[in-house]
Visitor: 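Let me give you the structure first, and then I'll get to my questions.
For reference, positions follow the sequence shown, starting with 1. Counting convention: from 1, in listed order, for ligands and their atoms alike.
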Amino acid sequence: MVKIGILTRNPEAWCSMNLIKAFEKLGAEPVCLRFSRLVAKVGIKPAVLHEDIDVLKELGAVVIRPIGRGSLDECIFRMDILHRLTRLGFPVINHPSAIEKCIDKFYALTILEEHNIPVPRTVVTENAKEALKAFHELGGDVVIKPLFGSRGVGITRVSDPEIATRIFRALQFTHNVLYIQEFIPHGTRDIRAFVVNEEVIASMYREGKSWKTNVAQGAIPKALKLMEEAEEIAIKAAKIVGCEIAGVDILEGPNGLRVVEINSQPGWRGIQTVTKVNIAEAIAKYVIEKAKK
Ligand SMILES: Nc1ncnc2c1ncn2[C@@H]1O[C@H](COP(=O)(O)OP(=O)(O)O)[C@@H](O)[C@H]1O
Ligand SMILES: [Mg+2]
């Protein structure tokens, strides 16, 4: 029986439990792993241990659930271990290079733009004065986002230049990078497309109470049969950044669709409520196939 590692902060989280069940149902043995218990060795075998498990020998693949917050050391070390595993021919899903591209909103957006995926106009700088210029250049109605962030936390909409100035100065003072994006009027909903292996297996509208439409911010999942254009964009976007599993966020603006981000470790608790497709099983099936190759 193939053993699959699920690298997660919280094995009891809904998605982890769901995934564990799916692997068991499909005849694989799930093993929960934590970054804090991994040991990497150089010049000594085995190269990667998790407690007493030799990851390369005993497991067929590892799925990455949210990597979580950590110090710079921890984050870099975690990515280093994942890269080491992939270099040694071990399947890590998503591939660490895909995760790196997506957790950094600037990195992701530049790659998407370079491949002609429509994205909002965005300016990124460390300089508060330049940020204020960008505020005007972007039409005086912008969203300011943390470079690394999720669940809508820390994102603010600003349309007053004085408030913008204060925010930019404060963020510069605390050495944050200023990520400033044109506000895309999208009513109070956006599209989340869930991609597995170059296919949109589920999609939803997220209906928010305001412009921020993260489920974590109170938005409600609504069933959606994805239009062809959005489907193509979502598949292409996931492929370009190298995500085998992805949650693609798309806004419907007055000038068409805009991809705002790609989640490389997406949850599916919300979207699962509006689709008949068993998302955990689709993920598990894909990972087991990869593990067997
Ligand atoms: N440029 C934008 N214009 C309007 N709304 C936006 C814009 N960017 C993000 N949003 C809203 O904020 C939410 C969170 O933004 P997103 O970039 O996906 O960051 P997070 O990683 O926090 O989910 C989006 O789902 C959308 O509702
Ligand atoms: Mg998002």
Side-chain angles (χ1 to χ4, degrees), residues 15 65-69 75 94 98-113 117-124 131 134-159 164 167 171 176-195 202-222 224 226 230 233-234 237-238 241 243 245-271 274:
C15 287
R65 291 298 307 141
I67 291 201
R69 288 195 166 271
C75 292
N94 278 314
I99 294 175
E100 270 164 9
K101 285 172 190 142
C102 295
I103 52 176
D104 176 337
K105 286 196 166 67
F106 173 60
Y107 194 178
L109 221 65
T110 53
I111 293 174
L112 295 177
E113 187 209 34
I117 299 283
V119 293
R121 291 180 307 142
T122 305
V123 178
V124 189
F135 169 83
H136 293 296
E137 188 184 1
L138 295 172
D141 187 6
V142 303
V143 288
I144 305 170
K145 300 185 188 183
L147 205 50
F148 304 96
S150 62
R151 304 162 73 91
V153 177
I155 300 186
T156 26
R157 178 181 179 183
V158 180
S159 50
I167 293 176
L171 288 172
N176 285 99
V177 171
L178 307 169
Y179 185 98
I180 307 140
Q181 190 163 75
E182 67 175 321
F183 181 82
I184 306 285
H186 58 282
T188 54
R189 70 175 191 197
D190 75 350
I191 295 169
R192 163 61 67 92
F194 203 101
V195 179
S203 56
M204 65 172 164
Y205 273 129
R206 297 184 295 185
E207 291 270 358
K209 291 187 191 76
S210 70
W211 59 272
K212 222 191 265 185
T213 53
N214 299 76
V215 173
Q217 302 282 343
I220 308 289
K222 293 273 157 72
L224 164 68
L226 200 57
I233 288 177
V241 293
C243 278
I245 298 168
V248 185
D249 291 347
I250 305 171
L251 299 181
E252 294 172 293
N255 301 314
L257 302 175
R258 295 288 181 272
V259 174
V260 283
E261 73 157 347
I262 301 177
N263 297 275
S264 61
Q265 305 137 70
W268 58 89
R269 193 173 186 172
I271 199 168
V274 294

Visitor: Measuring from atom CG of Leu257 to atom CG of Asp190, what distance do you get when rounded to the nearest 0.5 angstrom?
Guide: 11.5 Å
Visitor: Which pair of heavy atoms, one from Ser150 and one from Lys105, lies closest together, and at what distance?
Guide: N-NZ, 4.5 Å
Visitor: Donor-acceptor check, side chain of Thr213 to backbone of Gly208, threshold 3.5 angstrom: yes or no?
Guide: no
Visitor: I'd like to know whether Leu171 forms a side chain to side chain contact (heavy atoms under 4.5 Å, CB included) with Ile144, so could you lay out the CA-CA distance, the side-chain angles of the two residues, the decisive distance to 0.1 Å, and finally the verdict.
Guide: CA-CA 10 Å; Leu171 288 172; Ile144 305 170; 4.0 Å; yes
Visitor: Should we count CZ of Phe106 as having more than 12 external heavy atoms under 6.0 Å?
Guide: no
Visitor: Name whichever N, O or S atom of Asp249 ends up nearest to the Mg ion (ligand 2).
Guide: OD2
Visitor: For ligand 1, what is the set of protein residues having any non-hydrogen atom at a distance below 4.0 Å?
Guide: Lys105, Val143, Lys145, Gly149, Ser150, Arg151, Gly152, Ile155, Gln181, Glu182, Phe183, Ile184, His186, Asp190, Arg206, Trp211, Lys212, Thr213, Asn214, Asp249, Leu251, Val260, Glu261
Visitor: Donor-acceptor pair, distance only, cut-off 3.5 Å: does the side chain of Gln265 make one with the backbone of Ile67?
Guide: yes
Visitor: Checking one value in my table: which N/O/S atom of Glu261 lies closest to the Mg ion (ligand 2)?
Guide: OE2
Visitor: Taking Tyr107 as the fixed residue, which of Asp104, Ile103, Leu109 is the one that meets the side-chain contact (heavy atoms from CB on, under 4.5 Å) rule?
Guide: Asp104
